[in-house]
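What follows is a single structure, written as C-alpha cells, with notes after it.
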Amino acid sequence: MSYVGVGVSPGNVPVYHGINLKVVDRRVRVTELVLRFLICGLGVLAAALIGSDTQVKEIFSIQKKARFTDMKVLVFLVVANGLAAAYSLVQGLRCMVSMVRGKALFNKTLAWAIFSGDQLMAYLMLAAAAAAAQSSIFAKFGEPDLQWMKICNLYGKFCNQVGEGLATALIASLSMVILSAVSAFSLFRLYGGDKGKTSAMW
C-alpha cells in the first residue's frame, strides 16, 4: 500500500511527516495579504463615509449643521479606522515584498511584534465600533427616561450615512479579528516541532 506524503516505519505503520509546509505557508501569506488590503480599503471607506457626513437643518429659523465632530464617539471611530487602514497598508506592503522575494526571515521577535500590533488594532476597532453602535442606538431611538430626543428624526440623511459607515467599520473590525487569528497561527507555529522547517516565512 502506498501513501502520499507518508513514511512507513519498520513495523509497516504509516508515519506522517507533515503536510507540505510550503503550501501551508503560501496559503497563510495569501490569506493575510487579502485581509490586510481588505481592512485597509474598508477602514478608508468607513472613515470617509463618516468624516464627510454633514446635514444642515433649519430649526426655528436657525440653521443647524450636523457634523461627525458633534459626537466624540464618531471622531474616535474615524481615527481608529484611519489608523487601522494605515497600519494594514504598511503590513500589506510588507507581505507583498516577502512574497516577491519568495521568503523572508520570520524570527520570533518580529512575529510577536506583528501579533501584538494586530491584537491592538483589533481591540481598538472593536471598541470604537461598539461605542459608536451604542451612541447610534440612542440617536435613533432616543432615551425617554433621560429626555434624550430622537436625533435621527431631524437628521435622517446624516444618520443613514453614519449607519453605512458604522456597518463598514464593523465588517473591518471582524476582518481584523480574523487577521489576528492568522497572525497568532503564524506566531505560535514557530514554537512547534517543525519550526526549523518554517523559518522562511514572512
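In what follows, residues are counted from 1 in the order of the sequence shown.
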If two hydrophobic side chains count as joined below 4.5 Å and joins carry through other members, does Leu179 share a cluster with Val177? no

Closest heavy-atom pair and its distance - Phe68, Leu74: O-CB, 3.6 Å

Do Ser135 and Met71 have side-chain heavy atoms sitting under 4.5 Å apart? yes

Do the side chains of Met125 and Leu83 join up, straight or via other hydrophobic residues, at under 4.5 Å, putting them in one cluster? yes

Taking atom types as modelled, find out whether Ser180 and Asp118 have a side-chain donor-acceptor pair closer than 3.5 angstrom. no

Minimal non-hydrogen separation, Asp53 against Phe158, with atom names: OD2-O, 2.5 Å

Mind listing the closest non-hydrogen atom pair of Ala84 and Met121 along with its distance? CA-SD, 4.0 Å

Smallest separation among heavy atoms of Ala128 and Ala80, with atom names: CB-CB, 3.7 Å

Shortest non-hydrogen contact between Ile39 and Ser88, atoms and distance: CG2-OG, 3.3 Å

Under 4.5 Å between side-chain heavy atoms, hopping through other hydrophobics if needed: is there a path connecting Met96 to Val44? no

Once salt bridge (charged side-chain N to carboxylate O under 4.0 Å, His left out) is applied, what residue pairs with a partner in residues 122-137 remain, sequence neighbours excluded? none

If you count heavy atoms of other groups shown closer than 6.0 angstrom to CZ of Phe76, is the number above 12? yes

Residue pair Thr168 / Leu42: nearest heavy atoms and the distance that separates them: CG2-O, 3.4 Å

Treat each ILVMFWY residue as a node, draw an edge where side-chain heavy atoms are under 4.5 Å apart, and state whether Phe185 and Leu35 are in one component. yes

Any residue meeting ring-ring contact (aromatic ring centres under 6.0 Å, His included) with Tyr87, in chain and number order, not counting sequence neighbours: none

Connected via hydrophobic side-chain network under 4.5 Å: Val79 and Tyr123: no

If I take atom CD1 from residue Ile178 and atom OG1 from residue Thr31, how far apart are they, to the nearest 0.5 angstrom? 10.5 Å

Just how far is it from atom CG of Leu38 to atom CG of Leu33, taken to the nearest 0.5 Å? 11.0 Å

I would like to know whether Arg94 and Glu32 meet salt bridge (charged side-chain N to carboxylate O under 4.0 Å, His left out); could you show each step before the answer? CA-CA 11 Å; Arg94 175 189 59 78; Glu32 180 181 355; 2.8 Å; yes

Over 12 non-hydrogen atoms of neighbours within 6.0 angstrom of NZ in Lys157: yes

